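In what follows, a single structure is set out as structure tokens and then discussed.
Please read all numbers here as calculations on a predicted model, not as lab measurements. Order of appearance sets the numbers: ligands from 1, and atoms from 1 within every ligand.
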Amino acid sequence: MSTRRLQTSLGEVPFDHGAQYFTARDAAFGQMVGLWRDLGIVAPWPPAGTDAWVGTPGMNAIVKQLAAAHTVAWDHLVTGIARKDGDWWLIGEAGSIGPFDAVMLAIPAEQAAVILSLHDFSMTRIALKARSQPCWTGMFVFGRPLAGVPSVLRHEGDIAWAARNNAKPNRPGPEAWVVQANPSWSSARVEDAPDQISGLLLAALSSAAGSVVPDPVAAVSHRWRYALSAGTGDGALWNDELGLGACGDWLLGPRVECAWLSGRMLARCLIGSEDNPIPTVAPATGSLQPVSKGPR
Ligand SMILES: Cc1cc2nc3c(=O)[nH]c(=O)nc-3n(C[C@H](O)[C@H](O)[C@H](O)COP(=O)(O)OP(=O)(O)OC[C@H]3O[C@@H](n4cnc5c(N)ncnc54)[C@H](O)[C@@H]3O)c2cc1C
């Protein structure tokens, strides 16, 4: 649910270059989305479907809101986790952070498997069997609108999805298109250079639009190596003895809602139950503390 900003001759242009929109079919998630709507950080976007929502002013608005209640170590790559005297430590390029009573991995299966492998074999096995497919995403800024082209194009040739990003709510700015290639096309070119991909995706957009699009004033491509996960169906993973768990879309399905539901399932394993439900709205202020050593 990330938003990327391109500096262009027409000014800074934001792009939702990962998840494009989301739906809320689960009742609890629907309630959460209602609260986000009241906070003004999501809005419906009918061109993507009658039940489609987008973050405002970008898809990352939701992540920002969720993170605001916590202390987050941004740009901190965790390369491993270590157990010492019954506590967990996160190992990263800049050293170790800890101690923590519990660790919950909310990262793609392929990356989680590496970290889990030294600690829990059955969780590792589940992560290893999860498979995801890549998605090449092109971002293009044009000096004029692509006249007569609908704001959403789906399953057109090599394109799985293309959308006029500036047509989403609360996104003023020049004509900006996100073009996402389908999984087989992306897999076949996963190691190609981004510049080469941009040219191919622009040509694919022209062909989907039915006319040659003008030269873009800016063009960038991003490779999502672990984009679409089939979902193992496990929901969430939790080892109560170790205080180690994993969540993420890969345990349910390749959608924002699935990621949220999986995270909620893992939170229930750690701190809540049906009788003692976890709050669905994060407090406005607070800080991340190592989980207390009470009963889990
Ligand atoms: C191109 C694309 C288009 C999509 N379109 C849609 C859509 O239209 N609708 C929809 O519902 N869903 C869509 N999805 C799926 C949706 O984005 C995911 O289901 C959801 O974001 C998964 O959330 P997550 O928290 O499980 O994992 P992620 O969103 O992948 O978050 C994992 C985070 O962990 C970080 N991370 C990974 N490894 C480490 C590490 N070792 N140390 C520290 N941090 C780490 C990553 O940088 C990332 O920020 C799309 C996904 C992609 C890639």
Looking only at side-chain N and O atoms, does T124 offer a donor or acceptor that is under 3.5 Å from a partner on S117? no
Looking only at protein heavy atoms, identify the closest one to atom 4 (C) of ligand 1 and say how far it is in Å. A19 CA, 3.4 Å
Ligand 1 atoms nearer than 4.0 angstrom to some heavy atom of Q20 are 5 (N), 6 (C), 7 (C), 8 (O)
So, for atom 49 (O) of ligand 1, does the protein have a heavy atom nearer than 4.0 Å? no
Between V256 and ligand 1, is there a nitrogen or oxygen pair with a distance under 3.5 Å? yes
Geometric cation-pi criterion R83 and W89, 6.0 Å radius, 45° cone: no
Tell me which protein heavy atom sits closest to atom 33 (C) of ligand 1, plus the residue, atom name and distance to 0.1 Å. A106 O, 4.0 Å
Just need the protein heavy atom nearest to atom 7 (C) of ligand 1, so name the residue and atom and give the distance. Y21 O, 3.2 Å
Heavy-atom contacts with P254 under 4.0 Å: which atoms of ligand 1 show up? List them by number with element. 12 (N), 15 (C), 19 (O)
H76: heavy atom below 4.0 Å from ligand 1, yes or no? yes
Check each atom of ligand 1 against the heavy atoms of R255 and keep those under 4.0 Å away; list them by number with element. 10 (C), 11 (O), 12 (N), 19 (O)
Atom 29 (O) of ligand 1 sits nearest the protein heavy atom M1 N, 4.7 Å
Answer yes or no: are there more than 12 heavy-atom neighbours, outside K64 itself, under 6.0 Å from its atom NZ? no
Less than 4.0 Å from atom 38 (N) of ligand 1, is there any heavy atom belonging to the protein? yes
Is the shortest distance from atom 9 (N) of ligand 1 to a protein heavy atom below 4.0 Å? yes
Please identify which atoms of ligand 1 are closer than 4.0 Å to at least one heavy atom of V78. 40 (C), 41 (N), 42 (N), 43 (C)
So is H17 polar-close to ligand 1, meaning N/O to N/O under 3.5 Å? no
Decide whether S132 and E110 meet the rule of one side-chain donor and one side-chain acceptor closer than 3.5 Å. yes
Of all the atoms in ligand 1, which lie at a distance below 4.0 Å from a heavy atom belonging to G248? 26 (O)
Side chain to side chain, R164 and V149, heavy atoms closer than 4.5 Å: yes
Numbered in order shown, the ligand 1 atoms found under 4.0 Å of a heavy atom of A227 are 53 (C)
Separation between CE of M32 and CG of D26, rounded to the nearest 0.5 Å: 12.5 Å
Can you label the angle between the F22 ring and the W36 ring as parallel, tilted or perpendicular, going by 30° and 60°? perpendicular
For S96 and I91, work out which heavy atoms get closest and say how close. OG-CG1, 4.1 Å
For atom 1 (C) of ligand 1, what's the nearest protein heavy atom and its distance? Q180 NE2, 3.3 Å
Any link between M139 and Y21 through a network of hydrophobic side chains (Ile, Leu, Val, Met, Phe, Trp, Tyr) touching at under 4.5 Å? no
Is there a donor-acceptor pair under 3.5 Å between the side chain of W250 and the backbone N or O of I107? yes
L251 and M265: side-chain contact (heavy atoms from CB on, under 4.5 Å), yes or no, with the steps? CA-CA 11 Å; L251 286 153; M265 283 179 199; over 6 Å; no
Strictly under 4.0 Å, does any heavy atom of G18 approach an atom of ligand 1? yes
Which heavy atom of the protein is the closest neighbour of atom 18 (C) of ligand 1, given with residue, atom name and distance? D249 OD2, 3.2 Å
Using distance alone, decide if ligand 1 has a nitrogen or oxygen within less than 3.5 Å of any nitrogen or oxygen in E257. no
Just to be sure I'm reading this right: ignoring hydrogens, which of I107, T79, I81 gets closest to atom 35 (C) of ligand 1? Compare them by their nearest heavy atoms. I107
For atom CG of D38, decide whether the heavy atoms of other residues, nucleotides or ligands shown that lie under 6.0 angstrom number more than 12. yes
Would K129 and R125 count as a side-chain contact (heavy atoms from CB on, under 4.5 Å) here? Give the steps. CA-CA 6 Å; K129 83 174 182 216; R125 212 175 45 215; over 6 Å; no
Ligand 1 atoms in contact with A259 (distance to a heavy atom under 4.0 Å): 22 (C), 23 (O), 24 (P), 26 (O)
Heavy-atom protein contact below 4.0 Å for atom 53 (C) of ligand 1: yes
I'd like to know whether the aromatic ring centres of W53 and F29 sit less than 6.0 Å apart in this structure. no
L77: numbered ligand 1 atoms lying under 4.0 Å from its heavy atoms: 40 (C), 41 (N), 42 (N)
